[in-house]
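Below: the structure, in structure tokens.
Any value given below was found using the heavy atoms of this structure, including those in side chains, with hydrogens, waters and symmetry copies removed. Just so it is clear: chains get the letters A, B, ... in the order the sequence lines come, proteins before strands, and each one is counted from 1. Given the structure is predicted, the values throughout are model-derived calculations rather than measurements.
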Amino acid sequence: MGKQRINNIFKSGDNDILSIYVTTGYPELESMPVLVEELAELGVGFIEVGMPYSDPLADGQTIQYSSSIALKNGIDLDKYFAQVHQVRSKVDIPLIFMGYFNQVLRLGVENFLQKCLNSGIDGLILPDLPPEIYKENYKAIFDKYDLSLSFLITPTTSDKRIKLFDELSSGFIYVISGSATTGKTNNFTNSQLEYFKRINRLKLNNPKVIGFGVSNREKYLIANKYSDGAIIGSAYIKALKNSKDYIKTTRQFVDKILKS
Amino acid sequence: MKYEVNRLGFYGKYGGAFIPELLHFNIEELEEKYKEIIAEKSFQKEFQALLKDYVGRPSPLYYAKRLSEKYNTKIYLKREDLNHTGAHKVNNTIGQILLAKRLGKTRIIAETGAGQHGVATATVCALMNLKCIVYMGEIDIKRQAPNVARMKMLGAEVRPAKSGSKTLKDATNEAIRDWINNPEDTYYLIGSVVGPHPYPDMVALFQSVISKEIMDQMMDKEGRTYPDRIIACIGGGSNAAGAYYHYLDDNRVELVSVEAAGLGLKSGESAATSVLGSDGVIHGSMTLLMQDKDGQIIEPYSISAGLDYPGIGPLHAHLIETGRSIVLSATDKEALSAGLLLTRLEGIIPALESAHALAALDKIDFKPNEITVVNLSGRGDKDLETYIRELKITE
Ligand SMILES: Cc1ncc(COP(=O)(O)O)c(C=O)c1O
């Protein structure tokens, strides 16, 4: 279904969307499909299906840690796509590949995107693919595939650049909440709220989803007030890390975010 | 020049700035200003004065008579080992610290493997009274205790990189993450011609003093400005880039880069990136790198911690691809014996990195009148323990 599956969730009028980041291969090699099924059942809007990378530059300690465990558990791209394929037959929730550009390059961009489509991935987030290089070297290839590509913007991204990201993005645009790697958990500051407002004034074409540092219900609600959805990653991974029963932990975690 | 970076920071298909948007602001600031600042008269004046009086430049171009006799040719050594702090690294840290000051930065971060770049950074931070934080892999901290102590004595904080394989590439990741989290007051002082544009170009520019001097010194000693061949080791490739720089467009000069083969090219324990690597992105740059079928970066191995890097600078990937440079490799063993040979013939103990360049002398067919310059990138003090252990010197 690709892009359409993502567009549908933003069209449905439901504007408090929760997205969860899952590290494939963590806590166990085969846990991702089980977690995704559970998350879909619990009312999560879409899922970032993380493919662990050896050198995840944009990630803080929590996601780095889960990635290194997952790699030790034996996750690789073949298993990743096989697991996505397996869970796709059970859920209709949008699944977004999240990884690093070298993983795409290594397989060959066309080959990689074809594998995404075949397995049931609907879109991609590649935090280290910059817009200028994308536009010049890769856009023509991506355009051939029915997959969304969400660029990330930060508080230091100029309005002009945000417009460029909006023009190049599809599915949604990823609003990084602060100037930091993933996993920082302080409350939103006034300058962050001002930044969210500034982005709203720009009236972008793409829906906006706020991520990085969204860690609890309060921040989830604030993020949704200023955007079309919120992504939680590190806080969820941290909960899994301290858990013996990851299904139960997942249920409790999502309930705490979604239910007052 | 044929080998300059283009608008997006590419040398041919290599280079660029594959960075998270979180770093765009920092990189853009640097990209917009570095050329202008470096070209300023006051910058050049201060840079040249420090190179002369603080580093001790120009470094001599020494005719190695006994080494030349052994190979029946003419061999000169470019003595970067005589620089303050013992290697070429300081040329770059002096340049970048002056840039950081002009950008108004107050906090300097750096990555280091063997500790040479960390020491060179801690040194210029002491000189300029700037806060210095050096990221170093937890494993390297244990392997390189004397350099850790030197950095601390110079007032730097050494932070262990505990992620991934806990070595140089992870220290670099940690430094980049630190920069993401501290975009305003912090300057990232990178140690080789690697990383996102504009670093490879900038570091090569600061190191280009090496080839500039070789031109003058060749004129002095041989009545012509160029040698027939330059040999340099490559980890990231900064000493090689500096030694090649003014000769890149001069095809009379053969450029020979020497990689670390570790226990052997096929042993699985090697750092010979150009042979074992393929196109990919590491630390923000498209280049040749050692990776598995999924693009996961493979940890290299070399006895020399300064050559133990899974990538090479994008300029070198481009020079190799276009055939402008040729690549040879040297194993741990070959480097150790070349180091001992230079010690016994010339009374110079080379850094293990530089010993790799010297090991290549065995692999070249020299003509008697040919002139070869070997870039002696550093001195061997830091490697004494390894030499003694591996060559069983005290037995
Ligand atoms: C003496 C010496 N030579 C060479 C290198 C390798 O670096 P590069 O390839 O950037 O010159 C190092 C790095 O630590 C070094 O200390």
For the pair D279(B) and K13(B), find out whether any cationic side-chain nitrogen is under 4.0 Å from an anionic carboxylate oxygen. yes
Engaged part of Q103(A) at the chain B interface, taking heavy atoms whose separation is under 4.5 Å: both
If you tally heavy-atom pairs under 4.5 Å between each of I176(B), I298(B), N182(B), L289(B) and chain A, the highest tally belongs to I176(B)
Quick one: what part of I297(B) sits under 4.5 Å from any heavy atom of chain A, side chain, backbone, both or neither? both
Under 4.5 Å from a heavy atom of chain B, the part of Y134(A) involved: neither
Checking side-chain polar atoms at under 3.5 Å, does S234(A) have a donor or acceptor matched by the opposite partner on T62(A)? no
Looking at S227(A) and V209(A), would you say the former's side chain and the latter's main chain have a donor-acceptor pair under 3.5 Å? no
Roughly how far, to the nearest 0.5 Å, is the CG atom of L124(A) from the CG atom of L129(A)? 10.0 Å
Looking only at heavy atoms and a cut-off of under 4.5 Å, which of A17(B), P183(B), S165(B) has the most pairs with chain A? A17(B)
Side chain / backbone / both / neither for E136(A) at chain B, heavy atoms under 4.5 Å: side chain
Under 6.0 Å between ring centres, would you say that holds for F81(A) and F112(A)? yes
Honestly, the part of I180(B) sitting under 4.5 Å from a heavy atom of chain A is both
Enter the distance from Y21(A):OH to I232(A):CD1 here, rounded to the nearest 0.5 Å. 14.5 Å
Side chain, backbone, both or neither: which part of D292(B) has a non-hydrogen atom closer than 4.5 Å to chain A? backbone
Side-chain donor-acceptor pair present, Y309(B), H283(B), cut-off under 3.5 Å: yes
Under a 4.0 Å threshold between the charged nitrogen and the carboxylate oxygen, would R161(A) count as salt-bridged to E132(A)? yes
Give a yes or no answer on whether the side chain of S31(A) reaches the backbone of Y26(A) with a donor-acceptor pair at less than 3.5 Å. yes
Pick one of side chain, backbone, both or neither for E174(B), based on which atoms fall under 4.5 Å of a heavy atom in chain A. side chain
Determine the option with the most heavy-atom pairs under 4.5 angstrom with chain A, choosing from Q291(B), K169(B), E21(B). E21(B)
Given that the side chain runs from C-beta out, which part of T181(A) has a heavy atom under 4.5 Å from chain B: side chain, backbone, both or neither? both
With a 4.5 angstrom heavy-atom cut-off, could you sort out which part of P155(A) is near chain B: side chain, backbone, both or neither? neither
Chain B contact via L77(A) - which portion, at a heavy-atom distance below 4.5 Å: both
If you measure only the distance, is there a donor-acceptor pair under 3.5 Å linking the side chains of Y135(B) and D170(B)? no
Identify which part of Y53(A) has an atom lying under 4.5 Å from any heavy atom of chain B, answering side chain, backbone, both or neither. both
Tell me, for I176(A) versus chain B, whether the close heavy atoms (under 4.5 Å) come from the side chain, the backbone, both or neither. side chain
Measuring heavy-atom distances to chain B, does Y65(A) have an atom under 4.5 Å in its side chain, in its backbone, in both, or in neither? neither
Region of K293(B) in contact with chain A, defined by heavy-atom distances below 4.5 Å: both
Report yes or no: do D294(B) and Y80(A) form a side-chain donor-acceptor pair below 3.5 Å? no
Contact leader toward chain B among D59(A), D78(A), L126(A), where contacts are heavy-atom pairs under 4.5 Å: D59(A)
